[in-house]
Structure formats: structure tokens, C-alpha cells
S.K.: 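Input: one structure, supplied below.
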Amino acid sequence: MANTDRSTDLATIEMLDKAAADGVTTAFDRAAAMKPCPIGGEGSCCKLCSMGPCRLPAPRNRAETAEEREKRRGICGATIETVAARNFVRMIAGGTAAHSDHGRAVAQTFLATARGENENFQIADEQKLLQVALDFGIEIGDRSIQEIAIAVGEAAVAEFGKAEGTLRFLQRAPLKRQQLWKEQQVEPRSIDREVVEAMHRTLMGVDMDYEHLFQQGTRTALADGWGGSMLATELQDIMLGTPVPIAGKVNLGILKEDCVNIIVHGHEPLLPEMLVIASQDQELIALAKTKGAAGINLGGICCSANEMLMRHGIPLAGNMLQQELAVVSGAVEAIVVDVQCVMQSLPKVAECYHTAVITTSSRAKIPGALHLEFDEAHPLETAVQIVRVAIDRFPERVQGMVNIPTHSMDLVAGFSHETINYLLGGIFRASYRPLNENIINGRIRGVAGVVGCSNPRVKHDDVHATLVRELIKNDVLVIQTGCAAMACAKLGLMTPEAASLHAGPGLAEVCEAVGIPPVLHMGSCVDNSRILMAATAMVKEGGLGDDLSDLPVAGAAPEWMSEKAIAIGQYFVASGVFTVFGVSWPTLGSEEVTRWLFDGIGGIYGGKWAFEPDPLKMAKLMIDHIDQKRKVLGLDKARERVLFDMEMRRELEAV
Ligand code: NFS
């Protein structure tokens, strides 16, 4: 396959050409060489015990007979429904564990900071601290900020393993939704407990009723979205600052030929935060100059990148599939990784260049990488050590191997749910009213969250971009996180100018009046919790129904690959959101389970899943859903009526 068919991103194509010339193999090559296993891919493989693994595929290209259907069981007698559901629930548990372990690390550092045991971090956003304290039912009175922070920190750490009650952030949801979760008995009790119970119930010989299995899958996913992920986002904001709109750059063109280039890749923002400080340290810059460099240039890959961009404007080097390609540029002195979405091939790729691959988490090592563990008590020291390693590598750079792509793009990021409030409502009357009103009057048709990964099984960035362009063209405001956000940012969709170039007339009008792009970057994947909060704020503002499932909104992960995406999708569905995934669908082996996820579950939660790899068809599904919600709300007429007379224009500009 030609590299131009593998990605729409010009920098990626250029680096794939270079990788081939340098004799370097990437994920794109491995994906081409290895077909995905069709049995595992559709959820029909059970390897939970050593009586198997059992393969339970349906006959290909013909209908299954009743007799064949009955025989499609594992050695233990498990049906294909049970096998597909167990596999799916285990994916949810894996994803929830990842986000929540990140959340726990943040909560522990938060508590240490509050107690004065970690001088590198502080309480940066007191207002948010008070908000979380209120949500947690923690007394404020005349207590000091430190006392409140300690109480919040202790309560946050307890959320992971408390013995009684349910998660505190569930109370943030609309009342109707809370009631529904109670009725369905899916209120998470503590985060760890739900993951443990999901692993237990999916073990050989335990839970065998797929709907019952999905009840635990749902409870586990809710422990992610309204638990681990939301805690990570909120406590990071309190410690590191709540993002506000900020200009940045994206793509491999941000690497600088004359500088020591350090790429931070992974997910937890605490060490990256220290690297931001270390890379600006005058002594270290002077040291870099003694080695012949003009300075130190920091860039990011994946969600660490999103975190550094949202708070400091540090450029994004690229999304998940670009991690190897950053090294292939020959201009990266060090790639620093922690947890999640890191490829084991990095040290192998780095062998061809001078790049140091540095692992930093106590939870993750890679053979062939240098391990410099992040010392939570002295995080800045670890960061300084890392920057020194990178500086020392600079003289080893092989000039003939350097080829930095010229492509980079401007973007505006930093749209936290609070910022949207201020931007639309104004600093003195922060409110979601203008957003709701523009949805009610039809200028904005609805809101779509387009999130998730990159995946070499589809044309890189292309599915994201095609979907998002189609949505904004149809006046759907798009909010994004994760690698999806980077895909669209690279194509210029996160600049204010994108409104007049790509958005439909109604959406463009609103974006131009407020000065925002039609596609808003809300952060990393744990920040999908910001989307839950934004949607909840829309419900609470009024005029769009009284539950999340009433809103004209939809979600998608068009190029997903990680189990984390499945956990996110499930908590969106259980929160009432119609959610479409691309690439492939992991329960297709069981028609019954798939039908239940695509339809039956909607009868309970109002939100349901869909699978559609074609981005234009995906957009149609989402827009149809949005239109149907508008109809139920009685807003279909309003949309037809939008005529921009002078008075409306003035009113819009006053927004
Ligand atoms: Ni999200 Fe962030 Fe990217 Fe997918 Fe991986 S980086 S947490 S999982 S690949 S979006």
C-alpha cells in the first residue's frame, strides 16, 4: 500500500517514506503484514481457562442452522453470548483500570501536596477546590484552603476503595439520571471494587447471563467516567490550573533542527509538568548551548501532549501513530514515556538513530529503554535528570539522518467546560444559556463529541477528519479529546478561521460572533469527563429536556483501538448518549449481544451503541439522531425558521 493511502497527514506520509528508506519498520508496516484475527476480532474467542482456548465463530457467508447455533459453546458450555459479553466487559474493566489508576496517582499526589509533603505542586485553582469540596459534601465554613484541600484529598483517595456508599461525583449528574442508575443498580460503589467485580464475574464459571454481565460492565464504566477519569481531571485542574483558551501548534514540524528535542509521550501530566519547568531552566539551556544546541524544545505525543498544550501551550508533535515517526525524524534526543498507548517498538526504532527512550513510571518498563523512575516526592529532580540525558545525546545526532517534516498547524485549545461557560456567557454572567439558545433557535443543530485513538487498520486521521468536517458543515458543534483532537487540529479545524471555511452558516455565525473554532479541544481522554460536565450543564440550564438522553448530542470514536475507548463509550451510553464506533466491533460474533448493545440497552439508558466504519454514514447516523432528539423537544420547526435579521445579528454579537 502506498504511504499516501495509509494516512491523510502529510508529515506522517513523509516520515513513513523516510522510515522505509532508513530500513525502519513501523506499526503501519506491521498492520499491513498481519491480518487481524477474525475470531478474536468479533469476540468469539474465549481464552479464560486452559480447557480452551475455545473458538466459537459462526459459519461465514451463510446462515447458521439452529443446531449449529446450539452447538456453538465453549468446553465449559459457555454460549457465544456469554463469551462475547465477557470479552466486552473485560475490555471495560481494562480501560477503567487504566484511567482510574492514573486518577489514583493524581489523588495521592494531590493529598501529599495538600499536606505540604510535596513542594513541587500547589493548589492552583482555589475556586475549583471549593466546588469539588461542595460536591463532596465537605464542610467549608471558615476552614483554611489547606484544611479543605486535605479533606478533599482524603475523600478522593477513598473513592477508590471505600467500603460503603456510592461514588460522590454521581451527584453531579441530572437528578433523573441518578434515579435511573439507582433503579438499575449500576451506581458504582468504589472504583477498585467495580473493576475487581468485573474481573470476577467474567471468570470461567461465574456470571453467564449477558444482560447481567453488562449491568456490571455499565457499573464499571460509570466508575471510570464519573469516578476515576473525573477525579483525574478535577484534581489535575486544581493542582495544575484549569485550562483556558490557549494558542498552540501541532504536528511533527514543531521539532526544531537546532534544539535539543524532547518528546513526552503517555498520559499522566505530573512529570510532564515538571519537564515544562526543567526545559525552561536557564542553567540547563546554558548546558544545551555548550553542546552546540540553540535551546531545548519540548513537544508531546498522545494525552501527555494534550495536557501540556491545554495548560502551557507546549506544542503537540502528533497522535498515537506518530510516536515512532517522531523518532524517525532523526531529530529527537529523548522520548520520555510513562503509561498507556506506548509502543514496545520504540527502543527498536531508536536503535537506528541517537534517541534515548526513557521509561519513567514504576508501573511500566520496556526492554532496551533507559528507566529513570519518576520520584513523586522529588519530581523536579527526575525531570532535570531526563533533560540532562537528552542534552548529552544532542552531539550524537547524525546530521545525514535528520529530516524534520515542514508540516505544522496552528490551533486554539483549552476549552474546559468552565471556559465554554465563560466564553459563551461572558465573565460576569457565565452560563450555558447562549449555547442552549443557539441550539433551540437552530443555529447550532446539536453537539457531537468525537474522541478516541488512531488505528493503522484505517486510513490514519482520515476517518476523524471526514466525519468532523461533515458534522460542522451540518451545523453540529464538535468537541474533541485525545488523538481524535490532534487529527482534526492538524488539518486546521481548530482555528477560528475554520468556522467560515468549513462550518454551516448557523454554526459559523455563532463561532464568528464568539471567536471560537467550530471544533473545540477539551483535552486528554480522562477529560472526556469534561464532556459529561458540559452536557450536564446544558441540561441544568434548561430548555433541552431534563436528562442527558434528551439532548441533541451524539458521540463517536471513529478510529478507536484501546480498551479505554470501550470503557468511555460504555459510560457515555449509560449516561444517555448515542455513541458510534468505527474500525471494527468486538461483539459481532454474537448477533444477540450486538443487537442488545445497538438497541436493547437504549430502552434502559436512552443511549446506545452503533458501529459504522464509513465516516459519512457515521455522520448521517449522528445527525439523524440529533434531528430526532430535536423533534422530540419540538425544535425541528425552530431550525427551519432561522432567518438572520438585523436584530438577531445584534443579539448574536452581544453573546
Ligand atoms: Ni485515549 Fe490517550 Fe490516543 Fe486512544 Fe491512546 S493516547 S487516552 S487511548 S490512542 S486517544
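Atoms within each ligand, like the ligands themselves, are counted from 1 in listed order. Note: hydrogens, waters and symmetry copies are ignored here, and every other heavy atom, side chains too, is used. Note that this is a predicted model, so its numbers are computed, not measured.
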S.K.: Can you check side chain to side chain donor-acceptor pair (under 3.5 Å) on D338 and T360, steps first, answer last?
M.R.: CA-CA 5 Å; D338 59 0; T360 58; 5.3 Å; no

S.K.: Nearest protein heavy atom to atom 7 (S) of ligand 1, by residue and atom, and its distance?
M.R.: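 Nearest neighbour among protein heavy atoms for atom 7 (S) of ligand 1, to 0.1 Å: H267 NE2, 2.8 Å.
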
S.K.: Judged by modelled atom types alone, do R90 and N87 share a side-chain donor-acceptor pair under 3.5 Å?
M.R.: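 No - no donor-acceptor pair under 3.5 Å links their side chains.
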
S.K.: Inspect the contact between K18 and E14 and indicate whether a charged nitrogen and a carboxylate oxygen are less than 4.0 angstrom apart.
M.R.: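 Looking at K18 together with E14, the answer is no, because their closest N to O distance does not fall below 4.0 Å.
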
S.K.: Quick one: side-chain hydrogen bond (donor to acceptor under 3.5 Å, both in side chains) partners of H625, sequence neighbours excluded?
M.R.: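 Once residues adjacent in sequence are excluded, H625 has no partner under the side-chain hydrogen bond (donor to acceptor under 3.5 Å, both in side chains) criterion.
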
S.K.: Check each atom of ligand 1 against the heavy atoms of M561 and keep those under 4.0 Å away; list them by number with element.
M.R.: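 Answer, ordered by atom number: 9 (S).
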
S.K.: So that I can tick it off, tell me whether K620 and E612 are bridged by a salt bridge, with the cut-off set at under 4.0 angstrom between side-chain N and carboxylate O.
M.R.: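 No, no charged N to carboxylate O under 4.0 Å.
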
S.K.: Have a look at K490 and tell me which of H407, Q322, H464 forms a side-chain hydrogen bond (donor to acceptor under 3.5 Å, both in side chains) with it.
M.R.: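 Testing K490 for a side-chain hydrogen bond (donor to acceptor under 3.5 Å, both in side chains) against H407, Q322, H464 leaves exactly one candidate, Q322.
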
S.K.: Check the orientation of W609 and F581. Use parallel for under 30°, tilted for 30 to 60°, and perpendicular for over 60°.
M.R.: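 W609 and F581: perpendicular rings.
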
S.K.: Leaving out waters, which are not shown anyway, how many protein N, O or S atoms lie closer than 2.8 Å to atom 3 (Fe) of ligand 1?
M.R.: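 Count of protein N, O, S atoms less than 2.8 Å from atom 3 (Fe) of ligand 1: 1.
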
S.K.: Check each heavy atom of Q340 against ligand 1 and say whether those closer than 4.0 Å belong to the side chain, the backbone, both or neither.
M.R.: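 Neither; nothing of Q340 gets under 4.0 Å from ligand 1.
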
S.K.: Report the residue from H99, E194, M230 that forms a side chain to side chain contact (heavy atoms under 4.5 Å, CB included) with D224.
M.R.: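 So the option named by the test is H99.
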
S.K.: Please list, in number order, the atoms of ligand 1 under 4.0 Å from a heavy atom of K564.
M.R.: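 Ligand 1 atoms under the 4.0 Å threshold to K564: 5 (Fe), 7 (S), 8 (S).
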
